[in-house]
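These notes concern the structure reproduced below.
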Amino acid sequence: MPNIAFDRSWIEPFAHLMQNDGPWHKWELFQLAIEAEEAQAVTAFDQLQCLKYLPHLQPYPHQLQTAERVLNEMRGRAVLADEVGLGKTIEAGLIMKEYMVRGLAKKILILVPASLVIQWTKELNQKFGIPAVAQKKEYMWRQYDVVVASIDTAKRDPHRRHVLDIDYDMLIIDEAHKLKNKRTRNYQFVKEIRKKYCLLLTATPLQNDMDELYNLINLLRPGHLGHSSAFAANYVEGKRQAKNNEKLKEEIDKVMIRNKRSDGGIHFTTRRVQSVPIELSPEEMALYQGVTRFVREHYRSEAGALNALALITLQREVCSSREAAFMTLYNLYRRTAEDSPIRPSIMELVEMIKRIETHSKAAKTVELIKQINDKVIIFTEYRATQNYLQKYLHEHGITSVPFRGGFKRSKKDWMTDLFQNRVQVLIATEAGGEGINLQFCNQVINYDMPWNPMRVEQRIGRVHRLGQQRDVFIYNLSTTGTIEEHILHLLYEKIDLFEMVIGELDEIVERLNLSNSLEENLISIILESRSEKEMALKLDNMGQAIRAVKRTPPT
């Protein structure tokens, strides 16, 4: 029988009040005390209590359901893997607020990409009334209860020491797919953080292979999928193929929630996609053909010296800008030996670049921006193209700002603010496709097209998300008669990428038994084809096979 202790300290003061008939507290104060207790009382554990403290927030049904599942079924540890634009930040805010209201979480750490620190801080303050602060000084780790910081800052000394010394009630990590490799410093650092509850946010929980998914879930709930060898034996057929799918799905569903746009009940404005073909000048086409010959010749003759990805990148850069191609050729020239037979070929291509005086793609972009006459986001794959475009737009009287991964957090925030309030165009590299909300804009120009469909979706998700009131217009530029045109035709027309549910493409690639990712298979087709006609035929066959698989439901 356990020992039971009784609190009798109130008896003597109460007897004294009874004997002297007071002094009693005011009846109004007693009523207020009762009301305060009733307001704080949790009447039903499975219902969200935080909503009465958020009168101005109107979450979507799927966001409420997600918060309730994390609370009631997942015990505060979950991967929030909604598709881009469905409001994972709102879901995380609801869960965080709920645990705070219930007195279960006080000390909270939120780790996000540097460009999203201020955005997260603002949303938590303004939408949820959570007193979050953006980490700036060393003392803030301990002085404040809710801290938002970049993972790159947190993992460095002296910050690392403070973070690892604190017992956190809750840890939230945005863009958590960056933790997919367990050998990285980021992964090991997050693993060491002491936390009771943990939320991992990512729109792409599985990008390349099954190990990534295992690492992510193991970080969240160690041992949930067993030891890595047992996981491989039970669930992995190949790097990208699963076996025992139903059992694996059942285990993943215990820790992961993925809401999709196709689930219904979630309204988005219309996405309007337009392909914009561009005719290259004779000099530009001569350069492209020269680079294509160079790529094919040296892939076969010196594949060890020049890897496939570098060769394809060079070919794609020619379609982007002469500046991007020049930088790659320059670096290639510096890396090759003085007596290498490649050097004369490189110099020949450099001379061809010098003869180019027009830039057909940039000229078409200016024409398009003036026609749109509104704010525009331009996405490019290459830093050199970004720099050139900013100069070119300025020469044509169009204001713009750059946005890229190398910028410090304060500069990214400044560029975003300038784009919203001062300038017409934001020219972004892939860093602009991550996390930031730009719903005030509804025009996107894909200056260079990625071959990874998920990256296209991340780009568009910056503007086409919950809260966007206008239709979103997407312009895909492609140079006629180049690899860019072939890929655009395959990915964005032949297999209707923009109409597909993200995740569906990965499933199709697996069902076609393509051993590598779609991107790697495309590179293989391009390099191993001996002519444009052979390449076009192979790409066309791949497109037809994908469409056939799309029409046939999995067995």
Side-chain angles (χ1 to χ4, degrees), residues 29-82 86-112 116-135 140-149 163 166-174 176 193-201 220-221 254-257 259 466-467:
L29 291 176
F30 173 73
Q31 286 180 309
L32 285 172
I34 289 290
E35 286 179 24
E37 289 298 323
E38 286 176 344
Q40 291 181 328
V42 177
T43 55
F45 193 80
D46 61 346
Q47 294 177 356
L48 295 180
Q49 306 300 313
C50 66
L51 297 178
K52 56 191 171 188
Y53 300 99
L54 303 170
H56 303 297
L57 183 71
Q58 294 184 318
Y60 289 87
H62 73 275
Q63 294 168 340
L64 292 172
Q65 289 162 11
T66 295
E68 287 168 358
R69 275 196 66 194
V70 171
L71 185 78
N72 301 323
E73 299 174 26
M74 299 180 173
R75 300 179 182 179
R77 285 183 171 245
V79 179
L80 304 184
D82 291 2
L86 289 179
K88 291 183 289 293
T89 308
I90 298 295
E91 292 168 355
L94 282 171
I95 296 162
M96 194 188 322
K97 185 75 171 182
E98 186 67 23
Y99 275 97
M100 293 175 80
V101 165
R102 293 178 183 229
L104 297 173
K106 182 182 179 185
K107 196 73 177 174
I108 299 170
L109 175 62
I110 301 127
L111 297 178
V112 304
L116 304 182
V117 170
I118 299 302
Q119 181 176 298
W120 264 87
T121 307
K122 282 181 180 176
E123 287 213 12
L124 292 177
N125 277 274
Q126 294 170 4
K127 293 183 179 178
F128 296 94
I130 294 174
V133 296
Q135 191 278 332
M140 298 177 78
W141 299 111
R142 295 184 181 277
Q143 182 162 324
Y144 295 95
D145 286 331
V146 183
V147 176
V148 185
V163 172
I166 295 170
D167 288 309
Y168 287 101
D169 297 311
M170 182 174 283
L171 172 66
I172 296 174
I173 299 180
D174 198 5
I193 298 174
R194 299 197 293 270
K195 63 270 187 189
K196 192 191 320 179
Y197 307 114
C198 183
L199 300 176
L200 303 180
L201 281 60
L220 182 79
R221 197 175 288 183
K254 293 176 183 177
V255 292
M256 183 184 294
I257 301 173
N259 294 305
L466 289 174

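Side-chain atoms of R69 do not come within 3.5 Å of backbone N or O of M256 as any donor-acceptor pair. Between the side chain of H62 and the backbone N or O of L86 there is at least one donor-acceptor pair closer than 3.5 Å. In this structure, Q49 contributes its side chain and E98 its backbone to no donor-acceptor pair below 3.5 Å. Without hydrogens or angle criteria, K88 side chain to L80 main chain gives no donor-acceptor distance under 3.5 Å.
Legend: residues meeting ring pair (Phe, Tyr, Trp, His ring centres under 6.0 Å) with Y99, ordered by chain and number and at least two apart, are Y197. By the side-chain hydrogen bond (donor to acceptor under 3.5 Å, both in side chains) test, R75 is found to be paired with no residue, residues two or more places apart in sequence or in another chain being considered. Residues forming a ring pair (Phe, Tyr, Trp, His ring centres under 6.0 Å) with F128 (at least two apart in sequence, or on another chain): none. Shown here are the side-chain hydrogen bond (donor to acceptor under 3.5 Å, both in side chains) partners of Q65, two or more places apart in sequence or in another chain: there are none. Not counting sequence neighbours, Y144 has no partner by the ring pair (Phe, Tyr, Trp, His ring centres under 6.0 Å) test. With sequence neighbours left out, K106 forms a side-chain hydrogen bond (donor to acceptor under 3.5 Å, both in side chains) with no residue at all.
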Between E91 and I257, is a side-chain contact (heavy atoms from CB on, under 4.5 Å) present by the stated rule, with each step listed? CA-CA 11 Å; E91 292 168 355; I257 301 173; over 6 Å; no

Before you tell me yes or no, could you show the steps for I193 and L111 under side-chain contact (heavy atoms from CB on, under 4.5 Å), namely the whole-Å CA-CA distance, both residues' side-chain angles and the distance that decides it to 0.1 Å? CA-CA 11 Å; I193 298 174; L111 297 178; 4.0 Å; yes

Starting from the C-alpha separation in whole Å, work towards a yes-or-no answer on side-chain contact (heavy atoms from CB on, under 4.5 Å) for M96 and L124. CA-CA 10 Å; M96 194 188 322; L124 292 177; 3.7 Å; yes

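When all heavy atoms are compared, the tightest approach of L199 to G76 is CD2-O, 4.3 Å. The two residues T66 and N259 come nearest to each other via the heavy atoms OG1-ND2, 3.0 Å. Between L94 and L51 the shortest heavy-atom distance is CD2-CD2, 4.0 Å. Contact between V163 and Y168 at its shortest, heavy atoms only, is O-CE1, 3.5 Å. Nearest heavy-atom pair, A132 versus V148, reported as atom, atom and distance to 0.1 Å: CB-CG2, 4.1 Å. Scanning both residues, I108 and A105, for their nearest heavy atoms gives CD1-CB, 4.3 Å.
Distance NZ/K196 to CG/D167: 10.0 Å, rounded to 0.5 Å. The CG atom of L171 sits 13.0 Å away from atom NZ of K107, with the distance rounded to the nearest 0.5 Å. Considering CD of E73 and CD of E68, their distance stands at 9.5 Å, rounded to 0.5 Å. Atoms NZ and CZ, from K195 and R77 in turn, are 6.0 Å apart once rounded to the nearest 0.5 Å. Once rounded to the nearest 0.5 Å, the distance linking CD1 of I90 with CG of L64 reads 10.5 Å. Considering CE of M100 and CG of D145, their distance stands at 7.5 Å, rounded to 0.5 Å.
Enclosure of atom NZ in K122 is not indicated, since only 12 or fewer non-hydrogen atoms of other residues, nucleotides or ligands lie within 6.0 angstrom. Heavy atoms from other residues, nucleotides or ligands lying under 6.0 Å from CD of Q143 number more than 12.
Counting only heavy atoms from C-beta outward, the side chains of L201 and I172 approach each other to under 4.5 Å.
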